[in-house]
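Since the structure comes first, as structure tokens, the remarks are kept for the end.
Every chain is numbered from 1, with letters handed out A, B, ... down the list of sequences. Keep in mind it's a predicted model, so treat the numbers as computed, not measured. What you see below is based on every heavy atom in this structure, not just the backbone, and it leaves out hydrogens, waters and symmetry mates.
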Amino acid sequence: MSGKRIFIVEDERIVALDLQNRLARLGHEIVGNVASGNEAARQIEGIKPDLVLTDIRLEDNTDGIEFADTVHKRYGIPVIFVTSYSDAKTLTRVKASNACGFILKPFTDEELQTTIDIGLHEHDLEVKLKQNEEQYRSLFDDAPIGYHEIDLKGNVVRVNRTELEMLGYEEAEMIGRPVWDFSEEHDASHEAVMEKLGTGKINPQPFERNYLRRKGRLIPVLIKDFPIRADNGTLIGIRSTIMDISVLKAEQTRVASFFAIAEKSTSGIIIANQKGIVQYLNPTAEELLGMRSAVQDKSVLKDAETKETLSAIVEESAGGNAVISKEEFRRNANTVVKRILKRREEDILGNKTGGALEQNASEIDIVRPGSGPGTGEVRITHTTWEGELAYLISVYDVTERKKVEEELKRIDQMKTNFISTVSHELRTPLAITKEGLSLVLDRIPGQINEKQEIILAAAKNNIDRLARIINAVLDISKIEAGKVELKMESMNIVDKVNDVVASFAAQAKNKGLELKTSCSSPVINVYADADKIIQIFTNLLNNALKFTEKGYIKIQVKELKNGAQCVVADTGIGIPANDLPKVFSKFQQFDRIDGPGEKGTGLGLSIVKDLVEMHKGKIRVESKRGSGTRFIFTLPRDITEHNPGKNK
Amino acid sequence: MNKKKILLIEDEPSQVMMVRFRLEANNFDFVAAYDGEEGLKKAQEEKPNLILLDLVMPKVDGYEVCRRLRRSPANKNTPVIILTASIGNEVREKCLSCGANDYLIKPFESADLVAKIKALLEKKG
């Protein structure tokens with residue numbers, strides 16, 4: 001045994017020196033040798049010896065036993081008494097003290113060494129025990145699980161900090177109270193606890209209770225009981241672990257709610273893993289995919305034991321209604337789903353419905369509950385199921401929608417056919433009538449008088465007008481039905497303007513009007529349908545010509561960064577402010593002063609607006625009564641980036 | 001100078017009458033047929049200098065008549081003007097693709113008709 005650092009407290013100096021010599025002989029180091037308790041206490045703090053040897057009665061009347069207690073408690077340094085007092089009272093005090101040994105004078109070196117060895121060993125044990133106890137205490141209090149013990153009366157005798165915090169009580173408030181006081185199910189808990197204590201049958205199977213927090217809130221907990229037995233095996237209480245499962249419970253409720261929603265959804269919902277094996281299928285999906293046709297008694301469709309709830313998992317039922325087995329049902333489901341996934345894959349590969357899995361829908365045949373075959377729309381997205389990547393397949397019954405869409409298409413086609421037939425049927429008699437009038441007006445069958453000529457000329461004008469109205473109505477119908485196809489090309493709009501202006505030159509001259517153009521450049525390219533551009537300018541010039549009696553009509557074209565801005569301006573009668581918003585409406589004709597030239601259809605400006613907008617341009621009108629009108633519209637340079645397929 | 005002979009193939013008698021008066025007044029010889037079949041026959045027999053052709057007719061429609069004329073040795077070079085009450089881009093394209101030289105949409109100006117006839121005859125020489 002190696003030497004220790006020993007501190008001696010002894011008021012009899014001779015004894016102290018003797019002790020020091022003997023200890024040195026035994027190989028120890030003497031780190032202090034003082035006569036008074038106060039002096040010792042002062043030095044020990046700095047020296048921190050391995051052991052203190054002290055007399056019981058010290059100088060300045062310090063009591064050695066009290067001094068030993070202080071040293072032990074404050075510094076954790078073991079103390080051994082060296083004394084010649086062997087009276088019963090002293091011995092009793094020594095034994096009750098924290099000293100780890102004592103030796104009576106006189107003693108031999110060997111006795112001294114043995115006492116030191118035993119004392120230090122005892123001290124080591126004590127330190128270790130203390131450490132263990134601390135570890136246990138920390139585990140007991142800080143474990144993330146509640147713990148309490150009850151006695152045979154059911155009263156709480158121990159409770160850890162976690163449970164106190166869980167329930168919101170102080171230790172003193174729980175200790176000594178019956179454990180059922182903390183349970184919502186007070187009576188049931190009381191009965192159960194007393195039965196366990198009475199019969200000694202304590203089952204380690206966990207069970208749930210709702211515990212009451214101090215403020216009245218309920219905490220669902222999972223409890224596990226274990227018996228506490230005395231050495232002889234008799235039951236002396238129960239210790240229980242308490243787990244707070246409120247988060248778990250809330251999650252369970254949420255999951256159950258979502259599950260109920262899925263079960264009741266009117267869309268079919270299927271979850272399949274990456275291999276296409278069905279993990280979940282709601283009742284609507286079963287119905288739509290025709291998997292329920294063989295099963296009539298729906299009450300037997302729930303599989304209560306497994307959570308996979310392939311609801312139609314049916315064994316031969318008592319009524320004999322169910323005719324497919326669980327396995328058969330699963331096979332059917334997997335087959336159908338694999339077919340859906342394969343179909344989708346083909347659609348993606350064939351690029352029928354666009355690139356990604358989640359884009360667009362596929363169509364499948366479905367069974368409509370109670371009304372036979374129909375059309376379903378399938379959408380597939382990725383999801384996770386039990387932690388793994390899976391497919392979420394939604395199936396909607398779109399039979400009705402399809403029917404309506406087809407009906408609309410049919411009506412639309414009918415309308416188009418009707419309009420072109422009507423147009424054709426109207427034109428034929430118009431052509432004959434017009435030519436008849438022309439023949440007479442041209443004196444081909446013979447001379448006519450002046451009145452006859454005026455009458456026939458008016459009739460002919462109105463035949464022409466009727467023809468224009470029919471054309472305009474047909475144009476409008478086509479535009480509104482989305483039947484107008486633009487033949488887009490990059491072209492110089494200045495050329496078109498010049499063509500139109502040339503065709504109006506004679507009419508303008510007849511009315512004594514100046515027809516001017518002003519283009520910012522001889523070449524201004526736009527991306528447009530040439531015929532429609534000509535129609536736009538023609539309609540606007542017709543309009544200007546009709547309402548202008550003197551002055552000029554001017555067409556301006558200005559190159560913009562992204563196209564062109566066109567203006568058709570006149571010095572005519574203008575449009576009253578309150579009529580301006582109605583300018584582009586159909587069959588709006590206001591304050592028309594009848595004069596020479598063609599009578600309008602009331603559709604020209606409406607067509608202009610439609611055509612400009614089909615080109616992704618914008619049109620507006622500026623006018624003031626008496627001082628002319630300006631129509632301003634824009635045409636983009638290139639609209640390919642703006643969904644060119646729309647007008648097809 | 002010899003009068004030029006114009007064949008009108010048209011199922012509407014009133015329309016035929018109007019065109020007859022107009023063309024006779026303009027010094028043309030006028031022959032009419034009232035359906036496609038008759039039209040093809042008369043085209044062979046009468047050897048007109050120009051054919052006016054309606055589109056919507058019983059038996060053989062105007063497009064088909066025009067296609068057959070273009071295959072016939074007697075009429076493959078005879079100018080054809082289609083007269084139609086149908087409108088739209090597709091009509092124009094169909095008229096030109098079946099081999100017609102020009103077309104007019106009803107109701108048309110009689111002056112336009114006469115001008116187109118004269119232009120085509122002059123071109124032929």
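When the candidates A:D442, A:L430, A:T421 are compared by the number of heavy-atom contacts under 4.5 Å with chain B, A:D442 comes out ahead. Most heavy-atom pairs under 4.5 Å with chain A: of the set B:E24, B:M17, B:M18, this distinction falls to B:M18. For the set A:A467, A:S438, A:P429, the entry with the most heavy-atom pairs within less than 4.5 Å of chain B is A:S438.
Heavy atoms from other residues, nucleotides or ligands lying under 6.0 Å from CD of A:E450 number 12 at most. Residue B:K106 qualifies as enclosed at atom NZ: its count of foreign heavy atoms under 6.0 Å is above 12.
B:F21 and A:I444 get closest at one heavy-atom pair: O-CG2, 3.9 Å. What you find for B:S14 and A:I432 is that their closest heavy atoms are CB-CG2, 3.6 Å. Closest approach of B:A85 to A:R427, counting heavy atoms only: O-CD, 2.5 Å. Minimum interatomic distance between A:T428 and B:E12 (heavy atoms only, all atoms of both residues): CG2-OE1, 4.1 Å.
Within the 4.5 Å cutoff, side-chain heavy atoms of A:H424 are placed close to those of B:V56.
A salt bridge links B:E109 to A:K434: one of the charged nitrogens lies within less than 4.0 Å of a carboxylate oxygen.
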(request) Assess whether salt bridge (Lys or Arg N to Asp or Glu O under 4.0 Å) is satisfied between A:E435 and B:R20, documenting all intermediate values. (result) CA-CA 11 Å; A:E435 183 57 9; B:R20 173 191 298 278; over 6 Å; no
